[in-house]
Number of protein chains: 2
Amino acid sequence: MDFLTLPAPNDASKPLSTQVYDAVREAIICLKLKPGQMIYENELAESLGVSRTPIREAIRSLVNEQLLEVLPQRGTLVTYVSERKVLETRFIQAQLELGAFRIAARVWDEHNQKLTKQLILHSIRDQRAAADNNNAALFLQLDETFHRIILGLANNDTLLQVVYHMRGHLNRLRYMLLEEYHHMHRIVDEHVEIFAAIEANNEERTAQLLDDHLGKLNHEFPEIRKVHPQYFLRNIRNSVEWREDK
Amino acid sequence: MDFLTLPAPNDASKPLSTQVYDAVREAIICLKLKPGQMIYENELAESLGVSRTPIREAIRSLVNEQLLEVLPQRGTLVTYVSERKVLETRFIQAQLELGAFRIAARVWDEHNQKLTKQLILHSIRDQRAAADNNNAALFLQLDETFHRIILGLANNDTLLQVVYHMRGHLNRLRYMLLEEYHHMHRIVDEHVEIFAAIEANNEERTAQLLDDHLGKLNHEFPEIRKVHPQYFLRNIRNSVEWREDK
DNA sequence: ACTTACATACTTGTATACAAGCACTTTGTT
DNA sequence: AACAAAGTGCTTGTATACAAGTATGTAAGT
């Protein structure tokens, strides 16, 4: 667990429980904590140099996001990626992002959103750089930022938060995909296309492009599952009982 | 705080933290804990007869749902209802429910869903009874159940969970509305209409009716705000600083 | 050889003790 | 009388101690 560290040894700006939450969440999404792995409160507490109390509070939040599952008196499980969960999460993400991107296309105004445009162009440039360097972790972050900028045009913080949670799940899968297929440049191209449609105030085209963009995950899913079967569940619900490789 | 009680004095079926969560959440939504009210961990712990540990874990979950806000070293605030939060939440609810209800209308099959139909008819009957008795708390529960049955047809548990959280916010508002305007029968009528459209596999009409059904909240909002100004925030974000009545 | 019972070393769940910070009161000064 | 500053009692944040349950290994019995 030596890869788990807090941002600063004695940083009082945020409560320890929040810092632990951020650190563990990042580790789960980057697959440093592997789906199916057991973790233990004492172990985490020792690694991070804090007591069990903030650890438990962080775990509780991650259980709410279904990234962890507590098995009482046995330990805590990093949840498997299940096909069902991915499909469910993808549907929600699509519904919300489609709605928000439509708003973005509707309200986009070249004159009033010069700053936003600069942000987007910068983001796309950074994405290209990350793609050139084949840096999957960084690329995922930038991809998320790009989506957040557009979503921000809908002026709905709650939506940003919900989409953030949904992405928590999907990103583990997307991380595997990026590491395997290195298709980052294709994704950036799609981002460019989508933004062009928004700039043209073309709501229908924006929605169509975004739907394709998000939908690609469904086709890639079965492939990546064969590459990392140990991270996936076969059955319907998330459970410790049945695993792909048993 | 004497209205706060756990389901059973010594029920080991669920962890205390979960029981506390359920009890406090219910109290917030039914406005027994009022928006803007301060609560304290010690006070809750004494009322419920447990230690601060499970209390804190429950509070953490409710903070994640934005029903509570912890002010460090000062206490915990029952969040105000803000216009912004209501609009944001309503948008998400609409996007998700519209998507799911469309699926329901598409997949509905009289032959294969006899059981579901029975559930729905029962639910509508119960709703009428609650409306007759003018029982707002019960009606809200039944309303939620009705929506959940339909949403269940989309076969997406994650969506059920997200909608559940969004409703946590809206229900405080809806509770005020029901107490004030007693328009439960109108709501049941709309439910009947929506279900008829689903039975007819009429996706467009289902979506149209549901959109109207959910949209009514937006019109009622300014009215109810005048009745209970002390529960609402004037400003953009949820914050303890600015209040309607200051 | 196989099963069963039990001791043991873990785990999480809960309670309590201590630390640090905010708010108000009270006291002292001008 | 007005105001500033220290003190007191509250709050949440964190650490630790204890309780209860699970899995495992071992030894005894069949």
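Just so it is clear: chains get the letters A, B, ... in the order the sequence lines come, proteins before strands, and each one is counted from 1.
Between the NZ atom of K14(B) and the P atom of dT12(C) there is a distance of 22 Å, rounded to whole Å. For R56(A) and dT16(D), the CZ to C1' distance is 14 Å, given to the nearest whole Å. The distance from atom CD of E69(B) to atom P of dT12(D) is 14 Å, rounded to the nearest whole Å. The CD-C1' distance, from E43(B) to dT11(D), rounds to 12 Å in whole Å. In this structure, CD of E41(B) is placed 15 Å from P of dT16(C), rounded to the nearest angstrom. Atom-to-atom, CG of L6(A) to P of dT14(D) comes out at 11 Å; the value is rounded to the nearest Å. Residue E57(A) contributes atom CD, which lies 13 Å from atom P of dG13(C) at whole-angstrom precision. Atom CG in L16(B) sits about 16 Å away from atom P in dA19(D), given to the nearest Å.
Note: F101(A) and H147(A) have tilted aromatic rings, judged against thresholds of 30 and 60 degrees for the angle between ring planes.
Residues Q113(B) and V107(B) come closest through the heavy atom pair OE1-O, 3.9 Å. The two residues E57(A) and R60(B) have their closest heavy-atom pair at O-NE, 3.2 Å.
Checking the phosphate oxygens (OP1, OP2) of dC10(D), no side-chain nitrogen or oxygen of R74(B) falls inside 4.0 Å. The side chain of T76(B) contributes an N or O atom lying less than 4.0 Å from OP1 or OP2 of dT12(D). A sub-4.0 Å separation between OP1 or OP2 of dA15(D) and a side-chain N or O of R52(A) is absent. Contact annotation: N42(A) side-chain N/O to dC10(C) OP1/OP2 distance is not under 4.0 Å. Side-chain nitrogen and oxygen atoms of S51(B) include at least one within less than 4.0 Å of the OP1 or OP2 phosphate oxygen of dA15(C).
For R25(A) and Y164(A), the positive end sits near the middle of the six-membered ring, less than 6.0 Å away and at most 45° from its axis.
Interatomic distance, OG1 of T76(A) versus CD of E41(A), reported as 5.5 Å (0.5 Å rounding).
Residue-to-nucleotide proximity on DNA chain C shows that, of P72(B) and Q73(A), the 5′-proximal contact is made by Q73(A).
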